[in-house]
S.K.: 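Below: one structure in structure tokens.
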Amino acid sequence: MSPINYTQARPSKASLATEISVMLLIVALVVLLVSHLPGEVFHPGSKSFIFAVGLIGAWRYSWWFVQALRSVWYNRRMFPRLRAEADEAAATQSPDALYILCTSFRIETEVTFAVYDALIRDAADYGVPTTIFAAIADRSDVDIIDQVMDEHGWPQNISVRYMFQKGDGKRSAMAEVLRAISRCMPTEKSLLVSMDGDIRIEPGTLERSLSFFLARGDLGAITTNNNAVVIGNDATKEWYDLRYAQRHLVMSSTSVSERLLVLTGRYSAFRADLATEPEFIELVENDHVDHWRFGNFKFLSGDDKSTWFWLLKHRWKMLYIPDVYVTGFEELPDRHRFFKSSLDLMRRWFGNMLRTNGRAIALGPRRIGLFTWWSLVDQRLSMWTTLIGPTIAVLLTLFVRPSFIFAYLLWILMTRGVTSLVLAWQRGRWSALWVPMLYYNQLSGAILKTYVSFRFNRQKWSRQGISAGEPDDPRAARRQRMGGHLIHALYFGALIFVLAVVGGVMAPADRLSIAAMTGEEPEPADGTSQGDSYWLALTLADAPSGGRVQLPAGRYHLDSSFNARVATLDKVRGASIHGYGDSAQPTALAVDPGLATQIESNGQSLAAVGSFDCDSASPCQLTVDGHELQLLDLTVALATPRKEDTQLAQNSQ
């Protein structure tokens with residue numbers, strides 16, 4: 001891999017060869033699925049699949065398209081007006097002071113040089129009195145920053161202050177810097193930029209982003225669009241860019257309500273007088289949660305969620321600036337293990353989200369706005385609804401029809417293909433890798449969110465190699481973990497059970513099954529004898545739609561109550577009754593004379609002939625309650641009167 005020029009590197013993207021290869025694979029898969037899609041997929045019995053996958057999918061994608069439409073409205077209609085107001089304000093006003101908090105932890109020297117070179121150049125061009133607080137971990141960073149300042153001639157409007165981190169996370173470093181800024185007595189016209197030490201800003205970033213504060217007195221914070229220079233393979237490059245495309249859509253949508261769902265730590269700006277409030281600093285440094293199972297534990301990362309929550313709680317407005325880009329130098333924790341590294345990152349991000357999501361929802365729609373509130377609720381719902389489609393597809397494929405997997409794969413390719421095109425329309429570029437990666441992000445993200453939601457006290461920061469959240473006592477930590485495993489299993493087991501019932505994989509116990517399990521036959525309300533007519537009628541209702549009722553070897557009796565039994569059924573699903581089909585162990589059906597006229601074979605009725613051998617060459621037809629049932633592989637004969645029936649007739653005389 002050739003060395004990267006970090007000062008001039010442009011956003012990364014996959015190679016043309018990779019794009020063509022993936023596109024050909026997708027086209028080949030679609031052709032293969034369409035040409036080999038079994039016709040039984042569209043059988044009426046597929047309605048459970050269509051309900052579970054199609055209906056839930058329609059709900060999920062309708063909400064997503066609402067987000068997409070709001071995003072278009074913000075970028076095409078609302079933001080141009082906001083940009084014009086900001087540019088007009090910037091022409092006559094400027095902040096009285098600018099403070100920049102830049103935190104870095106053992107970042108490559110080339111990256112640090114590129115970051116501060118761009119930052120100092122843009123701050124010098126902006127011309128506002130600027131103090132850069134460099135929260136660093138190594139003495140070598142001081143030499144690099146001093147070298148950058150020297151190359152730019154030590155601009156008169158810029159001063160640099162250094163603060164060495166404790167190594168216990170980003171929060172303590174941020175809190176120390178915010179306290180130092182508070183001692184500078186910032187005014188309501190002072191601004192603060194918080195950024196990571198691996199973010200390179202473009203020329204004009206400060207002026208074009210901070211001007212919104214000059215035009216809006218009710219604006220508490222802003223964040224900008226992102227690009228990425230990625231060290232890694234083509235899959236890693238497109239994974240990052242896809243995430244930024246999705247971020248752009250959601251940020252734009254929520255900005256219509258002048259709220260955001262997060263203030264990204266890569267680059268965000270605040271009113272300095274707000275960011276130096278003691279409550280704000282305390283939340284950044286010691287944000288924590290009291291949980292009924294985990295107790296009180298402190299947050300390790302997720303400072304951007306804490307700052308966002310404070311502003312949301314105090315009703316300050318927030319905006320996303322889509323036409324200002326900052327470039328992050330991204331690299332997976334282990335560039336040679338894409339899946340493990342991407343899952344580790346998502347687990348940390350989702351943990352930060354879930355640790356703050358609940359208390360933000362508790363603020364209520366009246367305080368934060370209905371759309372913002374529902375978006376937060378949807379974060380909780382989506383991690384379960386996303387699992388419905390793949391779960392029921394697997395259940396139906398394993399237990400109903402293997403061909404369901406073909407329909408589900410086509411559904412995935414179609415929906416993710418359309419989604420990727422909408423994202424590309426707003427991002428300005430498209431990658432074939434986005435189609436499979438969208439599904440990977442959604443499925444793995446949902447699984448991780450459900451996993452983390454029962455264990456969100458467990459925190460780990462891979463870059464700094466620190467973890468937190470669990471009790472120091474190993475036994476208490478083990479109990480917490482076992483409790484999380486148990487509750488998670490119960491929730492997911494309940495989901496599978498409900499989907500199995502709704503999808504027709506599992507049916508509730510019917511009356512016949514209950515009678516078989518208990519060994520008793522429930523008595524009907526009229527007190528009449530049930531015999532074989534009772535359970536044979538029930539099997540017609542419990543059979544699969546258009547399916548068969550299989551009788552074992554033996555002799556069975558249909559009495560005159562059979563018609564009444566069938567008439568009480570909600571629906572007759574069975575289409576045929578089959579015997580055992582073995583001459584050594586035959587299945588015989590004795591029919592009362594009152595039913596004999598309802599059974600025919602080759603144009604003759606049982607009442608006229610007395611008996612039938614029903615086989616594939618001469619099938620018999622039983623007509624009952626308007627339904628025609630086929631009888632096969634059994635013998636049908638008129639029943640001789642039973643002693644109890646004869647005695648009953650004599651007594652009635």
Side-chain angles (χ1 to χ4, degrees), residues 14 18-65 68 234-235 238-239 241-243 245-246 338-339 342-343 346 382-424 430-450 492 495-496 498-506:
T18 299
E19 294 286 359
I20 294 175
S21 299
V22 174
M23 189 64 186
L24 290 175
L25 285 173
I26 292 174
V27 172
L29 181 59
V30 170
V31 172
L32 182 66
L33 290 173
V34 171
S35 60
H36 291 80
L37 187 66
E40 64 182 7
V41 169
F42 304 104
H43 187 276
S46 301
K47 62 183 179 181
S48 58
F49 174 82
I50 296 171
F51 169 79
V53 177
L55 188 60
I56 299 299
W59 169 43
R60 294 305 315 154
Y61 280 97
S62 64
W63 170 247
W64 188 84
F65 274 106
D234 286 348
E238 293 302 338
W239 183 72
D241 202 54
L242 173 60
R243 292 197 63 85
Q246 292 175 297
F338 170 78
F339 292 107
S342 60
L343 292 174
M346 286 192 285
S382 62
M383 63 185 179
W384 294 104
T385 55
T386 301
L387 295 176
I388 290 177
T391 301
I392 200 165
V394 169
L395 289 173
L396 294 176
T397 299
L398 292 177
F399 300 108
V400 179
R401 290 188 183 91
S403 57
F404 277 130
I405 196 63
F406 294 98
Y408 185 66
L409 288 174
L410 276 176
W411 166 261
I412 294 300
L413 291 173
M414 179 189 72
T415 54
R416 275 56 177 187
V418 172
T419 302
S420 69
L421 292 175
V422 174
L423 290 172
W430 180 82
S431 171
L433 283 165
W434 288 6
V435 177
M437 282 186 176
L438 272 169
Y439 187 65
Y440 167 70
N441 282 347
Q442 291 168 347
L443 182 59
S444 61
I447 294 172
L448 279 174
K449 287 175 186 175
T450 58
F492 195 67
L495 176 68
I496 293 177
V498 170
L499 293 180
V501 173
V502 172
V505 175
M506 180 188 300

S.K.: Between Leu242 and Leu438, which heavy-atom pair has the shortest distance, and what is it?
M.R.: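 Reported closest heavy-atom pair: CD2-N, 3.8 Å.
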S.K.: Verify, without hydrogens or angle tests, whether Thr386 (side chain) and Met383 (backbone) share a donor-acceptor contact under 3.5 angstrom.
M.R.: no
S.K.: Could you report the tightest heavy-atom contact between Met23 and Ala432, atom names first, then the distance?
M.R.: N-CB, 4.0 Å
S.K.: Quick check: do Tyr439 and Thr419 have side-chain heavy atoms less than 4.5 Å from each other?
M.R.: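 Heavy-atom side-chain distance check fails, nothing below 4.5 Å.
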S.K.: For Ser382 versus Arg60, what's the shortest heavy-atom pair and its separation?
M.R.: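 Here Ser382 and Arg60 meet closest at CB-NH2, 3.3 Å.
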S.K.: Could you give me the CA-CA distance, side-chain angles and deciding distance for Thr450 and Trp384, then say whether side chain to side chain donor-acceptor pair (under 3.5 Å) is met?
M.R.: CA-CA 7 Å; Thr450 58; Trp384 294 104; over 6 Å; no
S.K.: Does a side-chain heavy-atom distance below 4.5 Å link Tyr408 with Thr397?
M.R.: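 No, side chains not in contact.
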S.K.: Tell me whether the count of non-hydrogen atoms from other residues, nucleotides or ligands lying under 6.0 Å of CE in Met414 goes above 12.
M.R.: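 Yes.
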S.K.: Quick check: closest heavy atoms across Leu499 and Ile392, and the distance to 0.1 Å?
M.R.: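 The pair with the smallest heavy-atom distance is O-CD1, 3.8 Å.
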S.K.: If only atom types and distance count, is the side chain of Thr391 paired as donor or acceptor with the main-chain N or O of Ile388 below 3.5 Å?
M.R.: no
S.K.: Are any non-hydrogen side-chain atoms of Asp234 and Val22 less than 4.5 angstrom apart?
M.R.: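 Counting from C-beta outward, Asp234 and Val22 never come under 4.5 Å.
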S.K.: In Å and rounded to the nearest 0.5 Å, what is the CE to CZ distance from Met437 to Arg416?
M.R.: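 Going from CE on Met437 over to CZ on Arg416, the span is 15.0 Å.
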S.K.: Supply the atom-to-atom distance Leu409 CG to Ile412 CD1, rounded to the nearest 0.5 angstrom.
M.R.: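 Rounded to the nearest 0.5 Å, the CG-CD1 separation comes to 7.5 Å.
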S.K.: If you measure from OG1 on Thr415 to CD on Gln442, what distance do you get to the nearest 0.5 Å?
M.R.: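 These two atoms lie 7.5 Å from each other.
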S.K.: Between Leu410 and Val30, what is the shortest heavy-atom contact and its length?
M.R.: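 Looking at all heavy atoms of both residues, the shortest contact is CD2-O, 4.5 Å.
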S.K.: What heavy-atom pair brings Pro390 and Leu443 nearest, and what distance separates the two atoms?
M.R.: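 The pair with the smallest heavy-atom distance is CG-CD1, 3.7 Å.
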S.K.: Output the distance between atom CG (Asp241) and atom CG (Leu423), rounded to the nearest 0.5 Å.
M.R.: 10.5 Å
S.K.: Taking the side chain as everything from C-beta on, heavy atoms only, tell me whether Tyr61 gets closer than 4.5 Å to Val418.
M.R.: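 No. Closest side-chain heavy atoms not under 4.5 Å.
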S.K.: Determine whether the side chains of Ser342 and Tyr440 contain a donor N or O and an acceptor N or O closer than 3.5 Å.
M.R.: yes
S.K.: Taking atom types as modelled, is there a side-chain donor on Asn441 or Trp239 under 3.5 Å from an acceptor on the other?
M.R.: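 Yes, because at least one side-chain N or O of Asn441 sits under 3.5 Å from a partner of the opposite role on Trp239.
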